[in-house]
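Letters go in sequence order (proteins before strands), and every chain restarts at 1.
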Amino acid sequence: MTADETPLEHERRAKVARLRADGREPYPWDFRDRVPSDRVRSASAALAPGTSDAGQTFRVAGRLKAVREHGQTAFADLEDGAGRIQLLLRADELGEGPYRAWLSDLDPGDLVGAEGRASRTRRGEPSLEVRELTLLAKAISPPPEKYHGLQDLEERIRRRYLELLASPESRERLRVRSELVREMRRYLDGAGFWEVETAILVPVASGAAAAPFVTRSNYLDGEVRLRISLELPLKRLLVGGVERVYELAKAFRNEDLDSTHSPEFTELEAYWAYADYHDMRRLVEGLFVRLADRVEELRPDDPAVRQGAALFRPPFPTVDFVEALERASGTSDVLSKSRDELRDLARAVGSTVPENSSTGTFLDKLFEHYVEPTFDRITFVVDHPVATTPLAKRHRSKPGRVERFEIFAPGYELGNAYTELNDPDEQERRFREQLGERGDDTYAYDGDFVRALRFGLPPTAGVGLGVDRIVMALTGAASIKDVILYPLVRAR
RNA sequence: GGGCCCGUAGCUCAGCCCGGUAGAGCAGGCGGCUCUUAACCGCAAGGUCAGGGGUUCGAAUCCCCUCGGGCCCGCCA
C-alpha cells in the first residue's frame with residue numbers, strides 16, 4: 001500500500017494489476033458508437049416483461065452505480081448524462097468464466113461500456129441485456145455511499161466532483177444555471193448588444209465601494225488589483241462609439257462569504273447609449289420574463305422553480321426610496337438631514353458602520369433597516385438620494401435625487417441600474433465630495449474615467465445584475481453556495 | 001469581529017448529558033443464491049474518535065488551546 005492508500009483502494013489497485021496481467025487495459029482510449037442510455041430505455045419500454053429484442057444492438061457508456069449479484073444473474077445500474085439504465089448480466093450469455101471475472105473485477109464507481117440488446121425484466125425494469133462489457137476507467141477510490149450520497153457540506157464544496165458524481169440533482173442545478181446564463185446572453189444578443197471582456201487585473205478598482213483583492217505583477221513590478229465591478233471600463237467603450245454592450249463575468253470583492261455573498265461572483269452589466277433608466281427598466285423586465293419562462297421550461301415539475309419563476313413576472317411594485325424610508329422610519333424630510341443627524345439615526349437602529357462613513361452609507365443603512373425587510377416580492381426601489389450613488393445622473397425633476405432603480409428579491413439585492421452620469425465636471429465633483437467626506441470605503445477615484453467623460457459620453461442607461469443571486473431566486477436555492485461551483489475555501 | 005453548534009471506518013450515522021474493551025449500515029474481501037433494483041443470507045476484516053495539552057486509576061465522552069466547517073449577528077453602497 002502506498003502511504004495515503006486505504007485498504008479499499010489497495011484492493012482496487014490489485015484489480016487493476018490483475019486486469020493488466022490478463023492483457024486487459026483498465027484505462028482504454030475510446031469507446032465508439034455509444035448512444036445515450038435513454039435510447040435503450042425507450043426501446044425497452046415497448047417490450048413485454050421478461051422479453052428482449054434481439055433485433056438491435058446498443059452500446060452505452062457511463063458510471064457503474066450499483067451491482068446486485070444474484071448467483072448466475074447479476075444486475076448493475078449504469079448512469080450516463082441521459083440517466084440510469086439497468087444492465088442485465090447472465091452467466092449463460094457471457095460464459096461462466098468471463099461472468100465471474102467481471103463481477104470480481106468491477107466495482108461501483110467504475111466507468112464501463114456495455115453492448116447488448118434492449119430487454120425488460122420480469123418485473124418490467126427496462127434493461128440492457130449485456131453481451132459484452134468493457135472497462136473504460138477503473139475507479140480506485142470508492143464513490144460516496146449509494147443511498148445518502150455525500151452529505152458533508154464542506155466536502156461537497158471542496159470536492160465538488162464527488163457531489164456531482166453522487167447526485168443527479170447537483171448536476172441538474174449546474175445544467176439549469178448554465179441554461180439561464182445562456183438565456184441572458186441570448187436575450188441581450190437579440191437586443192443588439194455586443195458581449196465584451198474587459199480587464200480583471202486593474203491598476204485602480206473602481207465602480208463600487210468595496211475592498212479589492214490586491215496582488216502583484218512581476219511585469220509592472222508593482223501592485224495590481226482585481227476588479228470590483230465592470231462599470232467604468234464598459235462606459236468608456238460608449239465614449240468610444242460602442243452603443244450597446246454587456247459583459248457577463250466575475251467581479252471580486254475582498255469580503256466574507258455568507259448565504260448571499262461570495263468574494264467572487266458573477267455580474268451581468270449592460271450599457272445602452274441614447275437610453276435612460278425607464279428604457280432600462282423595460283429591458284430588465286423583458287429579461288426577467290424570459291428567464292422565468294426558461295426556468296419553468298427546464299423544470300416544469302419543480303415547486304421551488306415554479307415559485308421562483310412567479311417572482312420574476314411583472315408587474316413589480318415600485319417603491320420611492322425617500323418616501324418609503326420616511327414612511328417606515330417616521331422621519332420627515334430625510335434629504336435635508338445632515339450627515340451627523342443621519343449617523344445618529346443609523347446608530348439608533350443598531351448600525352455599527354464606522355463613525356466617518358459617508359452620508360450615502362448612513363442613508364443606505366437606514367433603508368436597509370426600515371424598508372428592505374418588508375419586501376416579499378421582487379421590488380423596484382427608485383430615485384435614490386444623490387449622496388448614495390456617485391455614478392448616477394441627477395434626477396430630471398426630483399431635486400436631490402438620482403435616476404436610479406435597485407431591484408430587490410425578498411432577502412437580497414438582485415441588481416442596480418441608473419441613467420448614467422455623463423457630465424465630466426459633475427462626476428469629478430461627486431467623486432471628490434465622497435472622498436472629502438470619508439476615507440476608505442468610498443469609490444476609488446478613477447481620474448482616467450473623468451478624462452474619458454470629457455470626450456463625451458452619450459446619454460446612457462446602465463444596469464448591473466447579480467447573476468448568482470438571480471439563479472438562486474429563480475431556482476429557490478437557499479445559499480449562494482448552491483449556485484457557485486467552487487466557493488472560496490481555506491487551503492487545507 | 002461576536003455568539004451558538006459540528007468534526008467518530010472510504011461514505012451515511014449511533015455512542016458523548018451520566019468516564020470503564022469503539023458500534024451499525026453502505027462500499028470492499030470470502031462463501032451462497034438465475035429477475036434484483038437501498039436486492040437478500042452467512043463469515044471475516046476495516047479506526048490518529050480533527051490535532052495538541054490537561055483532569056482522572058481510566059477520556060471518543062469532562063476542561064483548555066489550535067485547525068477546519070456550519071448557522072445567526074455585525075461588516076460588505
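- Looking at heavy-atom distances under 4.0 Å, A:Glu413 makes no contact with the nucleic acid at all.
- Using a 4.0 Å heavy-atom cutoff across all strands shown, A:Asn416 reaches at least one base atom of the nucleic acid.
- Within 4.0 Å of A:Gln86, counting heavy atoms only, lies at least one base atom of the nucleic acid.
- Residue A:Arg490 is classed as a sugar-phosphate contact, given heavy-atom separations below 4.0 Å to backbone atoms only.
- Using the Watson-Crick or G-U wobble rule with both distances under 3.5 Å, B:rC49 pairs with nothing in any strand shown.
- Among the heavy atoms of the strands lying under 4.0 Å from A:Arg158 are primed sugar atoms or P, OP1, OP2 only; no base atom is included.
- Here A:Arg469 does not pair with A:Glu413 in a salt bridge; the nearest charged N to carboxylate O distance is not below 4.0 Å.
- If you find the closest nucleotide of RNA chain B to A:Gly149 and to A:Glu125, the one lying nearer the 5' end belongs to A:Gly149.
- A straight line from CZ of A:Arg100 to P of B:rG31 spans 9 Å, rounded to a whole angstrom.
- A sub-4.0 Å separation between OP1 or OP2 of B:rC11 and a side-chain N or O of A:His148 is absent.
- To the nearest angstrom, C1' of B:rG25 lies 14 Å from CD of A:Gln151.
- Protein atom CZ of A:Phe75 is 13 Å distant from nucleotide atom C1' of B:rC40, rounded to whole Å.
- Inspection of the A:Gln86 and A:Arg68 side chains reveals an N or O donor paired with an N or O acceptor under 3.5 Å.
- Contact annotation: A:Lys15 side-chain N/O to B:rG28 OP1/OP2 distance is not under 4.0 Å.
- Rounded to whole angstrom, the span from the CG atom of A:Asp152 across to the P atom of B:rA50 amounts to 13 Å.
- Base pairing analysis places B:rU61 opposite nothing; no Watson-Crick or G-U wobble pair with both distances below 3.5 Å involves it.
- Only the P atoms considered, B:rC13 is 15 Å distant from B:rA50, to the nearest whole Å.
- As rounded to the nearest Å, B:rC64 and B:rC30 have P atoms that lie 49 Å from one another.
- Contacts of A:Asp256 with the nucleic acid, taken as non-hydrogen atoms under 4.0 Å apart, include base atoms.
- Remark: aromatic rings of A:Tyr445 and A:Phe431 are close, center separation under 6.0 Å.
- The side chain of A:Val353 has B:rC75 as its nearest neighbour among B:rU34, B:rC75, B:rU12.
- When ring centroids are compared, A:Phe367 and A:Phe321 come within the 6.0 Å threshold.
- Using a 4.0 Å heavy-atom distance criterion, A:Glu154 is classed as a sugar-phosphate-only contact.
- Using N1 to N3 plus N6-O4 or O6-N4 for Watson-Crick, or N1-O2 and O6-N3 for G-U wobble, each under 3.5 Å, B:rG68 pairs with B:rC6.
- Side-chain atoms of A:Asp80 and A:Ser37 include a donor-acceptor pair closer than 3.5 Å.
- Classification of A:Glu406 and A:Arg404 as a salt-bridged pair holds, one side-chain N sitting under 4.0 Å from a carboxylate O.
- The A:Thr6 side chain lies nearest to B:rG10 when the options are B:rU37, B:rC75, B:rG10.
- Residue A:Leu150 is classed as a sugar-phosphate contact, given heavy-atom separations below 4.0 Å to backbone atoms only.
- Counting only heavy atoms from C-beta on, A:Lys481 has its side chain closest to B:rC71 among B:rC75, B:rC13, B:rC71.
- Residue contacts shown for A:Ser351 are limited to sugar-phosphate atoms, with no base heavy atom under 4.0 Å away.
- Between B:rC35, B:rU37, B:rG46, one nucleotide has an atom nearer to the side chain of A:Leu88 than all others, and that is B:rC35.
- At a threshold of 4.0 angstrom between heavy atoms, the contacts of A:Leu153 are confined to the sugar-phosphate backbone, with no base atom among them.
- Counting non-hydrogen atoms under 4.0 angstrom, A:Asn254 reaches nothing in the nucleic acid.
- Here the nucleotide nearest the side chain of A:Thr121, chosen from B:rG28, B:rU37, B:rU12, is B:rU37.
- A donor atom on one side chain and an acceptor atom on the other are not found under 3.5 Å apart for A:Tyr147 and A:Glu145.
- Looking at the side chain of A:Arg122, the nearest of the listed nucleotides B:rC11, B:rC35, B:rG28 is B:rC35.
- Between the NZ atom of A:Lys65 and the C1' atom of B:rC26 there is a distance of 13 Å, rounded to whole Å.
- Rounded to whole angstrom, the span from the CZ atom of A:Arg156 across to the C1' atom of B:rG68 amounts to 17 Å.
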